[in-house]
Amino acid sequence: MEFRNLKKQYEILGPQLDAAMNSVAAGSRYIMGPEVGQLEEALAQYVGAKHCISCANGTDALQLALMTWGVGPGDAVFVPDFTFFSSAEVVAAVGATPVFVDVRPETFNIDPEDLERAVRETLAGGRLTPKVVIGVDLFGLPASWPEITDIARKYDLKTLEDGAQGFGGSIGGRRACSFGDISTTSFFPAKPLGCYGDGGAVFTDNDEWAELLRSYRVHGKGSCKYDNVRIGMNSRLDTIQAAILQVKLKAFRDYELDDVNAAASLYGDLLDGIPGVVTPVVPEACRSSWAQYTIRLADRATRDGLQAALKAHGIPSMVYYPTPMSAQTVFAGMPRRECPAAAKLCDTVLSLPISPYITPEEQRDVADAIKEYVG
Ligand SMILES: *Cc1c(COP(=O)(O)O)cnc(C)c1O
């Protein structure tokens, strides 16, 4: 069994993908070819944002946003304690300080109440200026954007939506990657919408920021590439990846997002009522794009034991994530805050195989193996 069945996707979309890749190879416009602009338009339209600026990966996308806002030394950026490393890495990379915020165990996403506490503590500390909150749409579920946005407005923070795993999700019909003042995503192969290498994108409604993002993406260019008006990055999306994404975006909209939701709902039925297994919940009005299907077990020993038992059945599973951000070695010098929910999740989560291409038989095998272990 595959953890995320990208081979099956290629079997189905192969002829179209091959044609798209070959056309780029034959056309020789490998950097910023026409497919890049076409994809940016399609992505902006899908997400419901005015501008899409594609770039080299989801980490650069976040960093480009912080650079655009001039975030740097002395600034506090609020980041969930339970996320992929990039969400906090980019904060330190621009010289700002990540302040870690606890998450809600039911949604895995940033806890708005703890966010407000963290902002007040930072203001009281008087050493750092609160500037930005990074909300992460973890595992495909949009963060609590209405609540996060209220707090951000109250304390004059900008909102940065890390939608690397969230592309395709929605709240009340409004799509992920449109919730932040700036929003980002990643096209790493295993993300909800993935290419065949690294890729990313930034979304915003703000014209001025969009122009700055386009400049920072190509060496801080001014009127042309050889007129450099600021220090930027080399972070373009390859034409060949844009061509691949055009094909994959169509499949994603036409059926993949529906199919992965059907798979998640089947897991919900199959795993319902198994003692000690907590399945993920999708709050009212939300839709997930199921970057991961993550269950919670009672404690670390049970989780590790289940992972070993699944492995013995040939079923791959992953621990996303084993370490809270605040416990990462490199962040030892950062402000300390207690984030007990994040710490507990690191000990108890297990992500099961899922993709639009998983079969009901495979899902039954997973559920049976879990029942056997728990029983
Ligand atoms: C994957 C991921 C990123 C980084 O994306 P890359 O394209 O791998 O740089 C950032 N944030 C989160 C939450 C992610 O899962």
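Numbering of residues begins at 1 and proceeds along the displayed sequence. Numbering of ligands and ligand atoms starts at 1, following listing order.
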*Closest non-hydrogen protein atom to atom 11 (N) of ligand 1, residue and atom name please, with distance?*
Asp162 OD2, 2.7 Å
*Considering heavy atoms of the protein only, find what lies nearest to atom 1 (C) of ligand 1 and give residue, atom and distance to 0.1 Å.*
Lys191 NZ, 1.6 Å
Give a yes or no on whether [X] atom [atom1] has more than 12 heavy-atom contacts from other residues, nucleotides or ligands under 6.0 Å away.
X      : atom1 : result
Glu361 : CD    : yes
Glu41  : CD    : no
Glu211 : CD    : no

*Name all pairs fulfilling the salt bridge (charged side-chain N to carboxylate O under 4.0 Å, His left out) condition that reach into residues 268-293, sequence neighbours left out, sorted by first residue then second.*
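Sorted result for residues 268-293: Asp258-Arg287.
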Could you tell me whether [X] and ligand 1 have an N or O pair separated by under 3.5 Å?
X      : answer
Asp198 : no
Leu138 : no
Thr59  : yes
Thr83  : no

Show me which atoms of ligand 1 lie under 4.0 Å from any heavy atom of [X].
X      : result
Asn57  : 7 (O), 9 (O)
Gln165 : 13 (C), 14 (C), 15 (O)
Ser186 : 5 (O), 6 (P), 7 (O)
Val136 : 13 (C)

*Could you verify whether a donor N or O on one side chain and an acceptor N or O on the other, from Asp18 and Tyr10, lie under 3.5 Å apart?*
yes
*Cation-pi between Lys250 and Tyr46: NZ/CZ under 6.0 Å from ring centre and within 45° of the ring axis?*
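No - Lys250 does not lie over the ring of Tyr46 by the 6.0 Å and 45° rule.
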*asked:* Holding to side-chain hydrogen bond (donor to acceptor under 3.5 Å, both in side chains), I want the full list of residues that pass it with Gln363, two or more places apart in sequence or in another chain.
replied: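 Testing Gln363 for side-chain hydrogen bond (donor to acceptor under 3.5 Å, both in side chains), a comparison that skips the adjacent residues, returns none.
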